[in-house]
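The structure appears right after this line, and notes come after that.
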Amino acid sequence: MSFNTLGLSAELLRAVSKQGYTEPTPVQRQAIPPILEGRDIMAGAQTGTGKTAGFTLPLLQRLNATRSGGRPPVRALIITPTRELAAQVEESVITYGKYLPLKSAVIFGGVNINPQIEKLRRGVDILVATPGRLLDHVGQRTLDLSKVEILVLDEADRMLDMGFIPDIRRILKLLPKERQNLLFSATFSDEIKKLADGLLNSPEMIQVARRNTTAELVEQVVHPVDRERKRELLSFLISSGKWQQVLVFSRTKHGANRLAQQLKRDGISATAIHGNKSQAARTRALADFKKGEVRVLVGTDIAARGLDIDQLPHVVNFDLPNVPEDYVHRIGRTGRAGYEGEAVSLVCVDEHKLLKDIERMLNREIPKSVIQGYEPDPSIRAEPIPNGRNQRGSGTQRPWQPKRNTTSQRRGKRPQPNRGGNRSHSTRASGRAFSKR
Ligand code: AMP
């Protein structure tokens, strides 16, 4: 099926073809026609499915069809949970709207508000925003939402996770009652359904496959390893596998910083991306990574979510996520747009319960492969993970802090890993026996 059959205008088809897209993805096939008709939609689609073009293309077409001259009011409002996603969605608006005379802007927190005010003052048709900064502008009366015709809520489930739903409800009250609503969410919890009930008017329901649980483009593997040897194993995997672009997930901001520092000490260029960094630093980190100047980007779930990096071959879960759904979001960063990818999880004894939860959600076991020289020490006991599901005790301990004695003892008897470039895998056959793969 080609894009020509969806009812898109010549200017949009030209922009699509300039991107090199030959055919629409399933969410685009299903979403574009009803959006062009002016219908509300509720779409179950995650990042990587092509959902951004799925709502941006028809939105641009509708706005352009009824455009009037002069300084435009905000006619389409796209709300996203994170700054990165907002920036990327606006990039898509610019890309797909290249041959149309519509103006767009993006507003999010963490950066100076004044250039945003100036841009809004000059007039924009399409505004992409995160909820907090959007409300700041409303509070300062630098933004008028009374002419919004189309509202998009992108990644609504993530907005819920991040506590933005009260902000969203406040924003909804500022919009005209008569409007088109498009809601995108990877998952539909009861709370999202409740939000949708109050928001959408006889919506077209769209559900596309969770790209990476069904698509076999992503090879998933678990490397069992001791908690205090994860960093060493990661450096080994990156160096021996000659991985050039790796996105690594850490559970905490502190952990992300520390890991990036440690990798640098190992001679591997790395940078951390998380919510404590200024927006400028986050944007720079992403740009350096995309350009290939930085080999490893270490991020937390929230910061790394929605990053649009094509052909990312390696994603590493340095820590497993506490929420099984986040695993799918994380591995969805690789194997995109037809490229093969590998999602590696470094799992220590503390995380067995998290791994089981993930496997239950995926409805399958993830293959386990012990790397020779990094076999887990069976005498090490599980420790609680702060905020983890298998938390025991007070939760105030810091399981990531090495215990000096045990670490040095283990280091002393550690077999030397093969650093020759050949990645030497061995697969756990049963119990303590290992066999070469
Ligand atoms: P999204 O799910 O919106 O984050 O899009 C995921 C990626 O797919 C982006 O890098 C897009 O550039 C790309 N993409 C979107 N639509 C298509 C298409 N029809 N064919 C190929 N790639 C696409």
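Note that ligands are numbered from 1 as they come in the structure, with each ligand's atoms numbered from 1 the same way.
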* Asked: Are R227 and D350 close enough for a salt bridge, meaning some N to O gap below 4.0 Å?
  -> yes
* **Proximal candidate to atom 11 (C) of ligand 1 [heavy atom criterion; set F184, Y96, Y21]** => Y21
* Asked: Can you find a non-hydrogen atom of E23 under 4.0 Å from ligand 1?
  -> yes
* Nearest to atom 1 (P) of ligand 1 by heavy atom, A53, P24, G50, G20: which? -> G50
* Can you sort out which atoms of ligand 1 are near F3, meaning under 4.0 Å from one of its heavy atoms? => 19 (N)
* To do: Report yes or no: does T142 contribute a side-chain atom to a donor-acceptor pair with the main-chain N or O of H137 at less than 3.5 Å?
  => yes
Distance-only donor-acceptor pairs under 3.5 Å for side chains of residues 166-178, two or more places apart:
| unit_1 | atom_1 | unit_2 | atom_2 | d |
| --- | --- | --- | --- | --- |
| D167 | OD1 | R170 | NH2 | 3.3 |

* Those atoms of ligand 1 less than 4.0 Å from some heavy atom in T25 -> 17 (C), 18 (C), 19 (N)
* Show which atoms of ligand 1 fall inside a sub-4.0 Å distance from at least one heavy-atom site of T52. => 1 (P), 3 (O), 4 (O)
* Donor-acceptor pair between E191 and S189 side chains, under 3.5 angstrom -> no
* Any salt bridge between R121 and E118, counting N to O under 4.0 Å? -> yes
